[in-house]
Student: 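This structure is in structure tokens; I'll ask about it shortly.
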Protein chains: 4
Amino acid sequence: MLNRVVLIGRLTRDPEMRYTPQGVPVASFTLAVDRPFSNQQGQRETDFIDCIAWRKLGETVGNHLTKGRLAAVEGRLQIRSYEAQDGTKRRVAEVVCDSVRFLDRPRDAQGGAMESFGADETELPDDLPF
Amino acid sequence: MLNRVVLIGRLTRDPEMRYTPQGVPVASFTLAVDRPFSNQQGQRETDFIDCIAWRKLGETVGNHLTKGRLAAVEGRLQIRSYEAQDGTKRRVAEVVCDSVRFLDRPRDAQGGAMESFGADETELPDDLPF
Amino acid sequence: MLNRVVLIGRLTRDPEMRYTPQGVPVASFTLAVDRPFSNQQGQRETDFIDCIAWRKLGETVGNHLTKGRLAAVEGRLQIRSYEAQDGTKRRVAEVVCDSVRFLDRPRDAQGGAMESFGADETELPDDLPF
Amino acid sequence: MLNRVVLIGRLTRDPEMRYTPQGVPVASFTLAVDRPFSNQQGQRETDFIDCIAWRKLGETVGNHLTKGRLAAVEGRLQIRSYEAQDGTKRRVAEVVCDSVRFLDRPRDAQGGAMESFGADETELPDDLPF
DNA sequence: TTTT
DNA sequence: TTTT
């Protein structure tokens, strides 16, 4: 019923772009998200979380995000089931992004504002000041 | 840049419907959200949080939610400034809803599924199973 | 850096309790979380999301939650890697709970308040009313 | 019952430190959070959201955050009611922080990791790798 | 492996 | 009262 994920982390590599047979773009990337605490050996651990972004948001991710960049992601956690080549059932967890914000390199050479993109970006404000 | 609020609480009264001059519906309601801890006097405290829902989501809220109902709200926290009658500046905080889920009365008399509404509800899935 | 998950769903079965060699309790359960949209075949899909709760929160979950119950979970998404019997690397995703709220059966026979438990539950308020 | 806020924004000024009569530190600051959409006049709007951090987290905020810094905040939305000098009831909204992450200046001169602080920071991991 |  |  409710499924909300918010992550801040760094891309482990450049996003991978794919296109459906219908030409719908989808970007895949992995965020390295440090855990808040050290483990019992005093080491900082990291979760490597797969993310996907569809359509315009996917294109924006593919065009602008690169390995090492810091990003904030909002989305929902999706569990996909599939059958592996050996016939066993496997499950894949990934965050389907509703929005992706770029948190480093806040200003580009032309002095433009920090890039920030949402799946539902539009010229119409979400609430009108009537 | 990122502004995400998730609340679960009960409506303190029936939602109030208004319409902009252009006829855009907007529902206002207040959620009573119990704090997780008791205060030093051993009393449970409650935050009364104002929420608004625009357009179709607003109509759904106005048509289905009533005083006392349990709801989960997702949205963003908005601070509006205005001038009071005495000329002083005031600020109002409210959560602009992206989605509202109804958490009690899970099945109606006809055995229908639990009602659940999102601002961006559509027949198109957010991610296509290609 | 930041890793926050909020879910509302129903338990697919009773929680499973385990204890570490040191006696630390941990409860495992799976939430069925309906997706907000129907897919292209007009079917409602569901994500089955594994959750774990440690220590006192785990005991509370084990003592009170049962198959079919509606719950709200807050936590962080953890990806664990392990080696399968066939020597291949596998990954498991699970939500490590910070808090679990029980959303149905809001009042018990004695008229007590809705049960609600957090990992950090305490008599000390998080912010003091000085 | 559930009250979760996640914000990313910039401090509008240096945090203000106070101490309760018992000596408990509390830091107050305001985050400027840009809205994702432009309004009908094509202007980007901003929400100015008051935040407070108690105890050790408050001290860390006071010691490290300054005007203009980019930060991610997790917490809960609290509505405080009080009586103004003219006898009218007023309400104040503020986010009580559970954790604050510093998002710019990711590495210090010594090459140390990005600073990141949580109210519940500890050497004990939240889940043990048993 | 799945809940309503 | 506001940040970039």
Side-chain angles (χ1 to χ4, degrees), chain A residues 1-3 79-83 88-91 101-108 110-116, chain B residues 1-3 79-83 88-91 101-108 110-116, chain C residues 7-16 28-36 43-51 65-73 92 94 102-105, chain D residues 7-16 28-36 43-51 65-73 92 94 102-105:
Chain A
M1 269 89 111
L2 187 149
N3 184 335
I79 310 291
R80 276 191 299 119
S81 297
Y82 69 96
E83 198 161 313
T88 59
K89 284 266 179 65
R90 305 281 178 82
R91 303 202 307 161
R101 267 88 184 184
F102 308 164
L103 293 177
D104 48 10
R105 297 211 261 187
R107 306 206 144 266
D108 59 18
Q110 293 84 255
M114 175 182 294
E115 297 165 289
S116 165
Chain B
M1 266 91 110
L2 187 148
N3 184 335
I79 311 290
R80 276 191 299 119
S81 297
Y82 69 98
E83 199 162 312
T88 58
K89 286 265 180 64
R90 305 279 178 82
R91 303 202 307 160
R101 268 89 184 184
F102 308 163
L103 295 176
D104 47 11
R105 298 212 258 188
R107 306 206 145 267
D108 59 19
Q110 293 85 255
M114 175 182 294
E115 297 165 289
S116 165
Chain C
L7 304 174
I8 298 180
R10 291 188 182 278
L11 274 81
T12 61
R13 55 182 61 208
D14 290 349
E16 182 184 332
S28 302
F29 59 100
T30 299
L31 279 187
V33 182
D34 292 329
R35 294 188 187 169
Q43 299 153 334
R44 213 71 183 310
E45 290 183 276
T46 300
D47 290 292
F48 297 99
I49 301 178
D50 293 332
C51 301
L65 278 182
T66 53
K67 176 177 176 172
R69 293 301 93 208
L70 185 67
V73 153
V92 163
E94 57 200 358
F102 307 163
L103 294 176
D104 46 11
R105 300 210 258 182
Chain D
L7 303 174
I8 298 179
R10 292 188 182 277
L11 274 81
T12 62
R13 54 182 62 208
D14 291 349
E16 183 184 332
S28 303
F29 58 101
T30 300
L31 280 187
V33 182
D34 292 329
R35 294 189 187 168
Q43 297 154 334
R44 213 70 181 311
E45 290 184 275
T46 301
D47 290 293
F48 297 99
I49 301 178
D50 294 331
C51 302
L65 278 182
T66 53
K67 176 179 176 171
R69 291 303 92 207
L70 186 67
V73 154
V92 164
E94 57 200 358
F102 307 163
L103 294 177
D104 47 12
R105 301 210 257 185

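Numbers restart at 1 for each chain; the letters A, B, ... are given by sequence-line order, proteins then strands. The analysis underlying the following values was restricted to heavy atoms, covering all of them including side chains, and did not include hydrogens, waters or symmetry mates.
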Student: Which of these nucleotides, dT1(E), dT3(E), dT4(F), is closest to any side-chain atom of Lys67(C)?
Tutor: dT3(E)
Student: Among all residues two or more places apart in sequence or in another chain, which pass the side chain to side chain donor-acceptor pair (under 3.5 Å) test with Arg91(A)?
Tutor: Asp50(C)
Student: Roughly how many Å is it from CZ in Phe29(C) to P in dT1(E), rounded to a whole number?
Tutor: 21 Å
Student: Under the side chain to side chain donor-acceptor pair (under 3.5 Å) test, which residues partner Glu83(A), sequence neighbours left out?
Tutor: none
Student: For the side chain of Thr30(D), starting at C-beta, report the closest nucleotide among dT4(F), dT4(E), dT2(F).
Tutor: dT2(F)
Student: Is there a donor and acceptor pair, one atom on the side chain of Thr46(C) and one on the base of dT3(E), closer than 3.5 Å?
Tutor: yes
Student: Starting at atom CG of Asp34(D), determine the distance to atom C1' of dT3(F), rounded to an integer number of angstrom.
Tutor: 8 Å
Student: So if I take every side-chain heavy atom of Phe48(C) and compare against dT4(E), dT2(E), dT1(F), which nucleotide ends up nearest?
Tutor: dT2(E)
Student: Side chains of Leu70(D) and Ile8(D), heavy atoms from C-beta outward: is any pair under 4.5 Å?
Tutor: yes
Student: Starting at CD1 of Ile49(C) and ending at P of dT3(E), how long is that distance when rounded to a whole Å?
Tutor: 16 Å
Student: Kindly say whether Arg35(C) contributes a backbone atom to a donor-acceptor pair with the side chain of Arg44(C) at under 3.5 angstrom?
Tutor: yes
Student: In whole angstrom, what separates Ile79(B)'s CD1 from dT1(F)'s P?
Tutor: 14 Å
Student: Kindly compute the distance separating CZ (Arg80(B)) from CG (Asp47(D)), expressed to the nearest 0.5 Å.
Tutor: 10.5 Å
Student: Taking any heavy-atom pair under 4.0 Å as a contact, classify Gly68(D): base, sugar-phosphate, or nothing.
Tutor: sugar-phosphate
Student: I need the CG-P distance between Asp50(C) and dT2(E), as an integer number of Å.
Tutor: 13 Å
Student: What residues, two or more places apart in sequence or in another chain, satisfy side chain to side chain donor-acceptor pair (under 3.5 Å) together with Thr46(C)?
Tutor: Asp34(C)
Student: When you look for runs of 3 or more Watson-Crick or G-U pairs in a row, both distances below 3.5 Å, which of them include DNA chain F?
Tutor: none
Student: Roughly how many Å is it from CG in Leu31(C) to P in dT2(E), rounded to a whole number?
Tutor: 16 Å
Student: Mark yes or no for a side-chain to base donor-acceptor pair under 3.5 Å between Arg13(D) and dT1(F), with no hydrogen or angle criteria applied.
Tutor: yes
Student: Can you tell me whether the side chain of Arg101(B) and the base of dT4(E) have a donor-acceptor pair closer than 3.5 Å?
Tutor: no
Student: Measure from CG on Asn3(A) to P on dT3(E) and round the result to the nearest Å.
Tutor: 18 Å
Student: Rounded to whole Å, how long is the line connecting atom CZ of Arg10(D) with atom P of dT4(F)?
Tutor: 7 Å
Student: Taking only residues two or more places apart in sequence, or in another chain, which ones meet Thr88(A) in a side chain to side chain donor-acceptor pair (under 3.5 Å)?
Tutor: Asp86(A), Arg90(A)
Student: Closest to the Thr12(C) side chain: dT3(E), dT3(F), dT1(E)?
Tutor: dT3(E)
